[in-house]
Engineer: 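Got a structure for you, written out below as structure tokens; questions coming shortly.
When a ligand or atom number is given, it counts from 1 through the structure's own listing order.
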Amino acid sequence: MRDFLYYHPRSLDEARRLGAEDGALLLAGGQTLLRDMKLGRHSPTSLIDITGLLPNQIEARDGAIWIGAGATHAEVAAAPLLRQQLPVLASLVAHIGDPAVRNRGTLGGAIAANEPAGDYPAACLALGGTVHTTERDVRSDEFLAGNCRTVLKPGEIVKAVTFQLPKKAAYIKFLNPAARYAMVGVFVCIANDGKPHVAVTGARDNGAFRWTEAEKALTSHFGEESVGDIHLPLGGLIEDLFADAEYRAHLAEVLTKRAVCLALADTPQVVALSHGSRAGLEYFQHNAA
Ligand SMILES: Cc1cc2nc3c(=O)[nH]c(=O)nc-3n(C[C@H](O)[C@H](O)[C@H](O)COP(=O)(O)OP(=O)(O)OC[C@H]3O[C@@H](n4cnc5c(N)ncnc54)[C@H](O)[C@@H]3O)c2cc1C
């Protein structure tokens with residue numbers, strides 16, 4: 001790791017000014033950034049620590065849920081309001097990484113990092129999320145601009161994200177056996193206007209995306225049989241040591257069907273499956289019977 005200057009500003013304005021300087025990077029929980037610095041993916045000349053400067057409240061606002069960008073994954077997972085009104089999101093966040101990651105990692109960092117297998121980007125896309133920054137409000141489908149990219153400008157800071165409340169929702173991810181990120185994750189919901197939304201993460205190089213073909217198929221009837229014959233095109237799918245494009249496409253197709261079943265069931269709303277995972281298999285066998 002190269003040497004860098006460390007600043008811990010006292011105000012968001014100071015953080016914006018320092019963050020806009022050449023070679024500066026904002027530091028929140030450090031769960032993505034410090035790893036990337038160790039791997040040589042980033043070599044900032046200064047780190048601007050924004051911990052303590054951002055809101056971490058979780059509030060119901062205008063029929064939606066507003067979450068401050070400083071909220072850690074552990075805070076979001078445990079929030080009573082969220083567990084009551086948007087349990088799928090609380091549960092999705094409870095399945096991010098491990099307790100150490102969840103106690104440091106923040107909503108703002110996860111959205112700004114926009115990792116290709118991140119869970120929050122899929123939730124944001126499916127739940128019609130709006131990202132509130134120090135400069136503007138941006139719809140999440142405009143904000144998330146491809147693999148580890150967003151439309152944030154230098155010094156611009158994510159302050160909060162608003163998630164729309166769906167009528168029904170579920171998220172299912174198949175874990176990468178080494179990293180425990182989603183090899184593929186599918187978030188399915190029926191939005192408040194009755195339209196189906198399907199967001200997939202972990203599958204494409206370009207990050208999470210709305211699978212419009214699956215959404216079209218679910219429009220006339222929201223049931224697993226509606227998505228029985230759709231296929232995810234192989235172009236642009238991630239191929240690595242763990243899975244080739246065909247495998248990831250197949251996972252996306254199977255998980256979409258299962259997420260639709262899950263959204264229609266009472267509980268649970270989030271399932272994380274790993275190789276040989278009995279809990280997940282038993283859940284689906286029981287419900288298919
Ligand atoms: C072992 C491990 C397992 C993980 N597993 C998962 C997983 O299963 N699913 C998953 O989704 N994620 C996973 N993560 C990533 C985790 O969710 C991170 O917490 C998150 O991606 C980054 O949040 P952070 O607050 O740590 O941000 P940081 O690492 O501090 O920052 C990440 C990036 O965002 C920028 N940034 C941070 N905050 C803001 C802000 N408010 N405004 C503008 N820019 C900002 C930083 O400059 C940096 O570029 C894992 C991480 C680790 C280390």
Side-chain angles (χ1 to χ4, degrees), residues 4 6-9 12 15-16 18-21 23-39 41-56 67-77 89 91-125 131-136 138 143-144 147-161 171 173-185 187 199 201-202 207-208 270 272-274:
F4 54 84
Y6 170 86
Y7 294 97
H8 198 167
L12 216 47
R16 285 167 67 191
L18 290 166
E21 284 177 7
L25 278 180
L26 300 169
L27 173 71
Q31 297 304 298
T32 295
L33 182 56
L34 296 184
R35 176 203 64 198
D36 286 353
M37 286 170 63
K38 282 190 266 180
L39 291 171
R41 291 181 189 153
H42 293 298
S43 298
T45 47
S46 58
L47 279 188
I48 319 304
D49 190 340
I50 54 172
T51 44
L53 297 181
L54 291 167
N56 66 348
I67 306 181
T72 62
H73 305 331
E75 286 167 340
V76 173
L89 189 62
S91 184
L92 170 144
V93 175
H95 284 84
I96 290 179
D98 53 33
V101 171
R102 293 195 289 276
N103 277 309
R104 294 293 306 172
T106 63
L107 165 61
I111 289 299
N114 191 19
E115 294 193 76
D119 297 304
Y120 259 128
C124 251
L125 289 175
V131 182
H132 310 287
T133 77
T134 41
E135 325 289 325
R136 53 198 163 142
V138 197
F143 180 86
L144 302 167
N147 187 357
C148 300
R149 289 197 314 273
T150 68
V151 297
L152 284 172
K153 298 185 188 120
E156 185 174 2
I157 301 175
V158 177
K159 288 204 302 188
V161 180
Y171 180 62
K173 65 175 174 179
F174 190 83
L175 298 174
N176 178 312
R180 315 288 291 170
Y181 274 79
M183 183 108 84
V184 173
F187 197 118
T201 191
V270 171
L273 294 171
S274 53

Engineer: Please work out, at 4.0 Å between heavy atoms, whether the side chain, the backbone, both, or neither of Leu152 comes within that distance of ligand 1.
Structural biologist: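 It is the side chain that touches ligand 1; the backbone stays farther off.
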Engineer: What part of Glu115 sits under 4.0 Å from ligand 1 if we count only heavy atoms: the side chain, the backbone, both or neither?
Structural biologist: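 Side chain only.
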Engineer: Could you check if a side-chain atom of His95 sits within less than 4.5 angstrom of a side-chain atom of Val270, using non-hydrogen atoms only?
Structural biologist: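 In short, these two side chains touch, coming nearer than 4.5 Å.
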Engineer: Any atoms of ligand 1 less than 4.0 Å from a non-hydrogen atom of His73? List them with their elements.
Structural biologist: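 Atoms satisfying the 4.0 Å criterion: 16 (C), 17 (O), 18 (C), 19 (O).
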Engineer: Before signing off on this row, confirm whether Ile50 and ligand 1 have an N or O atom pair separated by under 3.5 Å.
Structural biologist: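 No.
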Engineer: So is there a nitrogen or oxygen of Arg104 less than 3.5 Å from a nitrogen or oxygen in ligand 1?
Structural biologist: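 Looking only at distances, the answer is no, because the N/O contact criterion of under 3.5 Å is not met.
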Engineer: Between Leu54 and ligand 1, find which residue part has any heavy-atom pair under 4.0 Å and reply side chain, backbone, both or neither.
Structural biologist: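 Leu54 to ligand 1: side-chain contact only, backbone stays beyond 4.0 Å.
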Engineer: For residues Leu27 and Tyr6, determine if any side-chain heavy atom of one lies less than 4.5 Å from a side-chain heavy atom of the other.
Structural biologist: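 A side-chain contact under 4.5 Å exists here.
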Engineer: Pick, from Val158, Leu33, Leu27, Thr106, the option with the minimum heavy-atom distance to atom 40 (C) of ligand 1.
Structural biologist: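 Going through Val158, Leu33, Leu27, Thr106 one by one, Val158 has the nearest heavy atom to atom 40 (C) of ligand 1.
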Engineer: Using distance alone, decide if ligand 1 has a nitrogen or oxygen within less than 3.5 Å of any nitrogen or oxygen in Gly29.
Structural biologist: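 Yes, there is a polar N/O contact under 3.5 Å.
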Engineer: Near Lys173, which atoms of ligand 1 are under 4.0 Å from a heavy atom of that residue?
Structural biologist: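 Contacts of ligand 1 toward Lys173, numbered from 1: 8 (O).
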Engineer: How close do Val161 and Cys124 get, heavy atom to heavy atom, and via which atoms?
Structural biologist: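 Heavy atoms only, the tightest pair is CG1-SG, 3.9 Å.
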Engineer: Determine whether Thr150 and Ile111 make a side-chain contact, defined as any pair of heavy atoms from C-beta on separated by less than 4.5 Å.
Structural biologist: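 Side chain of Thr150 against side chain of Ile111, heavy atoms only: no contact under 4.5 Å found.
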Engineer: Taking only heavy atoms of Arg180, which atoms of ligand 1 are found under 4.0 Å from at least one of them?
Structural biologist: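 Near Arg180, meaning under 4.0 Å from one of its heavy atoms, ligand 1 has 8 (O).
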Engineer: Do Lys159 and Leu54 come close enough that some side-chain heavy atom pair is under 4.5 Å?
Structural biologist: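 In contact.
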Engineer: We want to know whether Glu115 and Thr32 form a side-chain donor-acceptor pair, criterion being a heavy-atom distance below 3.5 angstrom.
Structural biologist: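 A pair is found: one side chain offers a donor N or O, the other an acceptor, under 3.5 Å apart.
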Engineer: If you measure from each non-hydrogen atom of Arg41 to ligand 1, which part falls under 4.0 Å: side chain, backbone, both or neither?
Structural biologist: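 Arg41 to ligand 1: no contact under 4.0 Å from either part.
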Engineer: Between Thr51 and His8, is there a side-chain heavy-atom distance shorter than 4.5 Å?
Structural biologist: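 Result yes, sub-4.5 Å side-chain heavy-atom pair found.
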Engineer: List every atom of ligand 1 that sits less than 4.0 Å from any heavy atom of Gly118, numbering the atoms from 1 in the order shown and giving each element.
Structural biologist: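 So the answer, numbered in order with elements, is 11 (O).
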